[in-house]
Amino acid sequence: MARTSSPRVAGKRKERRGVTINLRATPAWRALVDHAASLVEKTRTDFIIEATRRQAEDVLLDRRDFVLEARRFRAFEEMLANPPMPNDELKKLMAAKAPWRTT
């Protein structure tokens, strides 16, 4: 079984969890998760939450779709090919926390 971690990680306090998610699994699946979690020194819960969050983000990001008329699409392609030089506003935007990030 994975070891229990303290409530502090890398100097930060973990977010308090208040919602329960129940699931059923086979003993083999549980053993697999426990083994993998122990290798990265995480609890089973932390391991499952992290893996699930990562997969959820990937699914949501893959489903983002937008449609542009031809003229605007060419302008979009031009911006991708010639990105702006870093400035204070761009640095601030890139440093902003993604809305789905909890830590």
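All figures in this text were calculated on a predicted structure; none of them were measured in a lab.
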Compile the donor-acceptor pairs under 3.5 Å between side chains in residues 48-55 and protein atoms, sequence neighbours left out, one pair per line.
unit_1: Glu50; atom_1: OE1; unit_2: Lys42; atom_2: NZ; d: 2.8
unit_1: Glu50; atom_1: OE2; unit_2: Arg54; atom_2: NH1; d: 3.0
unit_1: Thr52; atom_1: OG1; unit_2: Ile48; atom_2: O; d: 2.7
unit_1: Arg53; atom_1: NH1; unit_2: Glu57; atom_2: OE1; d: 3.3
unit_1: Arg53; atom_1: NH1; unit_2: Glu57; atom_2: OE2; d: 2.9

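Around CD of Glu89, the count of heavy atoms belonging to other residues, nucleotides or ligands within 6.0 Å does not exceed 12. Within a 6.0 Å radius of CG in Asp58, more than 12 heavy atoms belonging to other residues, nucleotides or ligands are found. Applying the 6.0 Å contact sphere to CD1 of Ile21 captures no more than 12 heavy atoms from other residues, nucleotides or ligands.
Taken from CG in Asp34 to OG1 in Thr43, the straight-line distance is 9.5 Å, to the nearest 0.5 Å. The distance from the NE2 atom of His35 to the CZ atom of Phe47 is 10.0 Å, given to the nearest 0.5 Å. Summarising the geometry, atom CZ belonging to Arg30 is positioned 12.0 Å from atom CZ belonging to Arg24; distances are rounded to the nearest 0.5 Å.
Placement of Leu68 and Leu80 within a single hydrophobic cluster is found when ILVMFWY residues are connected by side-chain heavy-atom separations under 4.5 Å, directly or transitively. Val33 and Leu23 end up in the same hydrophobic cluster when Ile, Leu, Val, Met, Phe, Trp and Tyr side chains are linked at under 4.5 Å.
When all heavy atoms are compared, the tightest approach of Pro86 to Lys91 is CB-CE, 4.1 Å. Contact record, Met85 with Leu90: O-CD2, 4.1 Å, taken as the closest heavy-atom pair.
Annotation: side chain of Asp62 is not in contact with side chain of Val59 (no heavy-atom distance under 4.5 Å).
In terms of the salt bridge (Lys or Arg N to Asp or Glu O under 4.0 Å) criterion, Glu77 has no residue partners (sequence neighbours excluded).
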